[in-house]
Amino acid sequence: QVQLVESGGGSVQPGGSLRLSCAASGRIFNRYAMGWFRRAPGKEREFVAAISVSGGSTLVANSVKERFTISRDNAKNTVNLLMSTLKPEDTAIYYCAAGLALPLPTSERQFDYWGQGTQVTVNS
């Protein structure tokens, strides 16, 4: 069992930055690939970024490429999402997820555990 708790959400003006963190419980965090998804108002949840167990491989959605960076610290059982140059369309609830089956999962069904989400609002 893995429990995930996101933090770092909030309100920011367009062009600003936020860093989301996800703290994972359990000793086997370093067996799981990790990912971030988001659900914007009125839309389905979508993939944002994923990182492999070692942290050596990452994948970022085209919509946020070059603005968002995913990283992890296996010693601290955390995964982070650094978001820069934020746009109003980045407004969403952001979810952290953990997946065991694939090296770099990207779809919801490839993840086994989910956090409750943290709200990010980008407006002026």
Checklist entry - Does T118 use its side chain to pair, donor to acceptor, with the backbone of E6 at less than 3.5 Å? => result no
Item to check | Distance-only side-chain donor-acceptor flag, D73 / T78, under 3.5 Å | outcome: no
Checklist entry - Can you name the nearest heavy-atom pair linking V53 to N30, along with the distance? => result CG1-O, 2.5 Å
Checklist entry - Is it true that the NZ or CZ of R45 lies under 6.0 Å from the centre of Y95's six-membered ring and within 45 degrees of the ring axis? => result yes
Next on the checklist: Closer than 3.5 angstrom, by distance alone: can the side chain of N123 be matched with the main-chain N or O of T91 as a donor-acceptor pair?
Outcome noted: no
Item to check | Hydrophobic cluster membership, Y32 vs L59, 4.5 Å side-chain cutoff | outcome: no
Item to check | Rounded distance (nearest 0.5 Å) linking atom SG of C96 with atom CD of Q116 | outcome: 11.5 Å
Checklist entry - Do F37 and E46 pass the side-chain contact (heavy atoms from CB on, under 4.5 Å) test, and can you show the C-alpha distance, the side-chain angles, and the key distance before you say yes or no? => result CA-CA 5 Å; F37 285 73; E46 65 174 357; 5.8 Å; no
Checklist entry - Can you check side-chain contact (heavy atoms from CB on, under 4.5 Å) on R38 and V120, steps first, answer last? => result CA-CA 9 Å; R38 67 184 183 185; V120 171; over 6 Å; no
Item to check | Minimum heavy-atom distance I70-G35, with the two atoms named | outcome: CD1-CA, 4.5 Å
Checklist entry - Does F111 belong to the same Ile/Leu/Val/Met/Phe/Trp/Tyr cluster as V48, with side-chain heavy atoms less than 4.5 Å apart forming each link? => result no
Checklist entry - Hey, does the side chain of R67 reach the backbone of T85 with a donor-acceptor pair shorter than 3.5 angstrom? => result yes
Item to check | S57 side chain vs S52 backbone, donor-acceptor pair below 3.5 Å | outcome: no
Next on the checklist: side-chain contact (heavy atoms from CB on, under 4.5 Å), that's the test. Do F47 and S107 meet it? Break it down for me.
Outcome noted: CA-CA 7 Å; F47 170 79; S107 69; over 6 Å; no
Checklist entry - What is the minimum heavy-atom distance between M34 and C22, and which atoms define it? => result CE-SG, 4.4 Å
Item to check | T121 (side chain) donor-acceptor with S11 (main chain) under 3.5 angstrom | outcome: no
Checklist entry - Should Y94 and Y113 be regarded as members of a common hydrophobic cluster, given that ILVMFWY residues are connected when their side-chain heavy atoms come within less than 4.5 Å of each other, either directly or indirectly? => result yes
Next on the checklist: Counting neighbours of CZ on R19 that are heavy atoms of other residues, nucleotides or ligands and sit closer than 6.0 Å, is the number greater than 12?
Outcome noted: no
Item to check | Single-linkage hydrophobic cluster, 4.5 Å side-chain cutoff, L86 and I93 together | outcome: no
Checklist outcome for this item: OG of S84 to CG of L18, rounded to nearest 0.5 Å, is 10.5 Å
Next on the checklist: Which residues pass the salt bridge (Lys or Arg N to Asp or Glu O under 4.0 Å) test with E89, not counting sequence neighbours?
Outcome noted: none
Checklist entry - How far does CG of L82 sit from OG of S17, to the nearest 0.5 angstrom? => result 6.5 Å
Item to check | Minimum-distance pair of heavy atoms, taken over all atoms of P105 and A50 | outcome: O-CB, 3.2 Å
Item to check | Cluster link L100 to I28, ILVMFWY, side chain under 4.5 Å | outcome: yes
Checklist entry - Under a 4.5 Å cut-off applied to non-hydrogen side-chain atoms, are V79 and I51 in contact? => result yes
Checklist entry - Is the closest side-chain heavy-atom distance between V2 and D112 below 4.5 Å? => result no
Checklist entry - Does the side-chain contact (heavy atoms from CB on, under 4.5 Å) test come out yes or no for N80 and L20, once each step is laid out? => result CA-CA 6 Å; N80 300 307; L20 304 183; over 6 Å; no
Item to check | Spacing of L81 atom CG and F68 atom CZ [to the nearest 0.5 Å] | outcome: 6.0 Å
Item to check | Atom CD of Q3: over 12 foreign heavy atoms under 6.0 Å | outcome: no
Next on the checklist: When you measure from the centre of the six-membered ring of F29, is the NZ or CZ of R72 closer than 6.0 Å and no more than 45° off the axis?
Outcome noted: yes
